[in-house]
Amino acid sequence: MYGRNIHALVIKFGCEFDTFVCNSLLNFYSIFGRTDEAQNLFDEMPQRDVVSWTSLISGYTKHGKMGRATELFSEMPDRNEVSWVVMISGFVGIGRYNDALRYFNDMLCDDKVKPNEPVFVCVLSACAHLGALDQGKWIHVYIDKIGMSKSSNISTSLIDMYAKCGRIDCANRVFNGTSKRDVLTWTSMISGLSMHGLGEDALRLFSQMLAAGIKPDNITLLGVLNGCSHSGLVEEGCSVFNDMENLWGISPKIEHYGCVVDLLARAGQLERAFEVVRGMPMEPDIVIWRALLSSCRVHRNVDLGERIGDHISQLDPSFHGGGYVLLSNLYASVGRWDRVDRVRKQMNKKKIELNTGCSWIEVDGVVHEFLAADKLHPRITEIHEKLNEVLKRARIEGGYVTNTNQVLFDLSEEEKEQAVSWHSEKLAVAFGLLSTDSGTPIRIVKNLRICEDCHSAMKAISRAFSREIVVRDRSRFHSFREGNCSCKDYW
DNA sequence: TTAGGGTTAG
């Protein structure tokens with residue numbers, strides 16, 4: 001309302017209002033997602049400067065209109081550091097990490113600007129999401145080369161990037177070399193250790209942080225709880241959870257409940273986990289149910305699984321996807337194909353869309369993407385041939401036996417074997433073996449959790465080919481070496 | 001003195 005009145009004044013008095021005032025209003029519209037009004041004002045402004053352009057673009061990037069932002073960015077007469085950061089962070093915000101890195105490279109070619117702290121934070125985050133270690137390392141070297149002071153923000157981003165690219169050793173080195181550590185620096189290191197299944201180390205670091213007089217925030221505690229969860233440190237995790245309020249004045253949010261439920265359920269204490277859910281002061285969301293359901297599958301508890309399935313079907317259908325897959329997998333794991341069929345019919349009826357499995361692998365600084373049953377990669381025929389050969393060798397030399405009980409539908413054994421052999425992480429590993437030298441570790445990032453079959457395949461492949469294979473899935477790292485996984489099969 | 005950044009459980 002207030003904005004509209006000022007808008008009318010600006011139009012009426014036109015030139016009497018300087019660009020500064022117009023920009024302020026433009027920014028007001030942009031912040032609140034009123035992009036049409038921002039665009040109208042921009043079109044009517046007598047004079048525009050780089051701030052006007054950047055404000056308008058920022059309005060588009062922050063509200064999911066990246067296409068329009070890209071158009072304007074290419075039209076704008078001159079750009080400064082802020083304009084580049086707006087575009088790059090816009091791409092990071094919608095998960096177009098490769099585009100973020102592409103724009104960063106373009107920025108480096110623009111003589112009029114120099115990369116600064118915000119842009120490094122953005123691109124390191126893009127590398128972290130992609131698991132693009134080579135590019136992340138290159139950016140680290142670049143930061144050192146231009147002599148940018150290592151602020152705690154830059155350290156935090158580097159630690160996060162290395163941890164998420166599978167190099168917890170490098171993350172540790174950065175952490176140890178950082179003199180100014182704030183809560184974010186500690187948190188990114190703790191979360192990194194947790195993600196790697198190093199729960200004891202995460203707890204130790206957490207104690208050091210407290211001893212250093214740094215107060216944890218709710219994200220630090222998520223990192224700690226997650227570490228306990230992935231390492232089976234049930235009592236330690238519960239005591240951190242119970243002390244949150246008293247010791248640090250942080251009341252548990254649904255995310256913290258999610259961690260505790262996961263902690264108990266993973267350890268097989270399903271009923272205790274269910275009790276926690278029932279005692280929660282807030283409504284459980286799909287995430288909580290999924291954590292429980294996934295452990296029901298691991299521990300083959302069909303009864304509880306069915307009860308959870310009922311709860312899930314009462315939630316908003318747009319959240320059902322992953323939940324139904326888990327339920328179906330649970331039935332499949334105990335051979336209840338009639339139930340699997342029923343879930344499948346429900347899914348069809350409710351027109352539930354599933355997330356496609358997707359894996360990335362970086363080879364020579366280029367990130368390659370594979371979808372489940374991919375036919376898009378230019379070398380796909382060659383990759384399929386390689387995969388057949390790899391799985392054959394994994395069977396003979398690595399003791400791999402196809403585990404098809406995770407397949408969603410009741411297919412023939414042979415068809416099921418086909419279905420799991422198309423999983424994106426298997427395509428990625430075949431591509432990795434095809435295009436890297438022997439002895440080089442293979443690093444894969446996956447958008448979903450790795451399935452049981454792929455997990456045992458990776459173990460066998462690591463033995464048969466004497467290769468270290470690191471898979472970062474949706475929840476943690478699996479480092480396969482000589483037939484074993486760093487998660488000790490606790491996932 | 002109007003535009004820009006990150007960590008986050010499953």
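Being a predicted model, the structure only gives us computed values, none of them experimental. In what follows, every chain begins at residue 1, and chains take the letters A, B, ... in the order their sequences are listed.
- Spacing between atom CG of A:Asn23 and atom C1' of B:dT2 amounts to 5 Å, rounded to whole angstrom units.
- Between A:Leu222 atom CG and B:dA9 atom P there is a gap of 7 Å when expressed in whole angstrom units.
- Nearest nucleotide to the side chain of A:Met195, out of B:dA3, B:dG10, B:dT8: B:dT8.
- Taking both residues in full, the closest heavy atoms of A:Asp134 and A:Gly365 are given as OD2-N, 3.7 Å, listed atom of the first, atom of the second, then distance.
- Contacts of A:Ser188 with the nucleic acid, taken as non-hydrogen atoms under 4.0 Å apart, are absent.
- Protein atom CD1 of A:Ile288 is 14 Å distant from nucleotide atom P of B:dA9, rounded to whole Å.
- For the pair A:His256 and B:dT8, the criterion of a side-chain N or O lying under 4.0 Å from OP1 or OP2 is not met.
- Across all strands, A:Ser157 comes closer than 4.0 Å to no nucleic acid atom at all (heavy-atom distances).
- Here the nucleotide nearest the side chain of A:Asn153, chosen from B:dA3, B:dG5, B:dG10, is B:dG5.
- Using a 30° and 60° split on the angle between ring planes, A:Phe120 and A:Tyr142 fall in the tilted class, from 30° to 60°.
- Close to B:dG4, at under 4.0 Å from its OP1 or OP2, lies a side-chain N or O of A:Lys62.
- When heavy atoms are screened at a 4.0 angstrom cut-off, A:Arg449 is found touching the sugar-phosphate backbone but no base atom.
- Atoms OH (A:Tyr60) and C1' (B:dA3) sit 15 Å apart, rounded to a whole Å.
- Counting any heavy atom pair closer than 4.0 Å across all strands shown, A:Val86 reaches sugar-phosphate atoms only and no base atom.
- Listed nucleotides B:dT2, B:dA3, B:dG5 differ in distance to A:Val50; the shortest reach to its side chain belongs to B:dA3.
- In A:Glu75, the CD atom is crowded: over 12 heavy atoms of neighbouring residues, nucleotides or ligands sit closer than 6.0 Å.
- At the phosphate of B:dG4, neither OP1 nor OP2 sits under 4.0 Å from any side-chain N or O atom of A:Asn116.
- Across A:Met66 and A:Thr70, no two heavy atoms sit closer than the pair O-OG1, 2.6 Å.
- Looking at the side chain of A:Leu184, the nearest of the listed nucleotides B:dG5, B:dA9, B:dG6 is B:dG6.
- Between the CZ atom of A:Arg476 and the P atom of B:dA9 there is a distance of 13 Å, rounded to whole Å.
- In this structure, A:Arg472 places its CZ atom 15 Å from C1' of B:dG10, rounding to the nearest Å.
- Here the P atom of nucleotide B:dA3 and the CD1 atom of A:Ile31 are 6 Å apart, to the nearest Å.
- A salt bridge links A:Lys164 with A:Asp160: the distance from a Lys NZ or Arg NE/NH1/NH2 to an Asp or Glu carboxylate oxygen falls below 4.0 Å.
- Contact of A:Asp160 with B:dG6 (side chain to base): no donor-acceptor pair of N or O atoms is detected under 3.5 Å.
- Regarding contacts with the backbone of B:dG10, a side-chain N or O of A:Arg266 is found under 4.0 angstrom from either OP1 or OP2.
- In this structure, A:Leu25 atom CG and B:dA3 atom P are separated by 12 Å, rounded to whole Å.
- Salt-bridge annotation for A:Glu425 and A:Arg472: absent, with no side-chain N of the basic residue lying under 4.0 Å from a carboxylate O of the acidic one.
- Distances were taken from every side-chain heavy atom of A:Thr156 (C-beta onward) to each of B:dG6, B:dA9, B:dA3; the shortest belongs to B:dG6.
- Distance from the side chain of A:Ser55 is smallest to B:dA3 among B:dT8, B:dA3, B:dG10.
- Distance from the side chain of A:Ala291 is smallest to B:dG10 among B:dG10, B:dT2, B:dG5.
- Note on A:Asp217: nothing from the nucleic acid sits closer than 4.0 angstrom, heavy atoms only.
- Remark: A:Ser229 is not in phosphate contact with B:dA9, judged by side-chain N or O atoms under 4.0 Å from OP1 or OP2.
- The side chain of A:Val121 approaches B:dG5 more closely than any other nucleotide in the set B:dA9, B:dG5, B:dT7.
- Which of B:dT2, B:dA9, B:dG4 sits closest to the side chain of A:Val287 comes down to B:dA9.
- Among the nucleotides B:dG5, B:dT7, B:dA3, the one closest to the side chain of A:His129 is B:dT7.
- Among the atoms of the strands shown, only primed sugar atoms or phosphate atoms (P, OP1, OP2) are found under 4.0 Å from some heavy atom of A:Ser24.
- Residue A:Lys164 places at least one side-chain N or O closer than 4.0 Å to OP1 or OP2 of B:dT8.
- Inspection of the A:Ser152 and A:Thr185 side chains reveals no N or O donor paired with an N or O acceptor under 3.5 Å.
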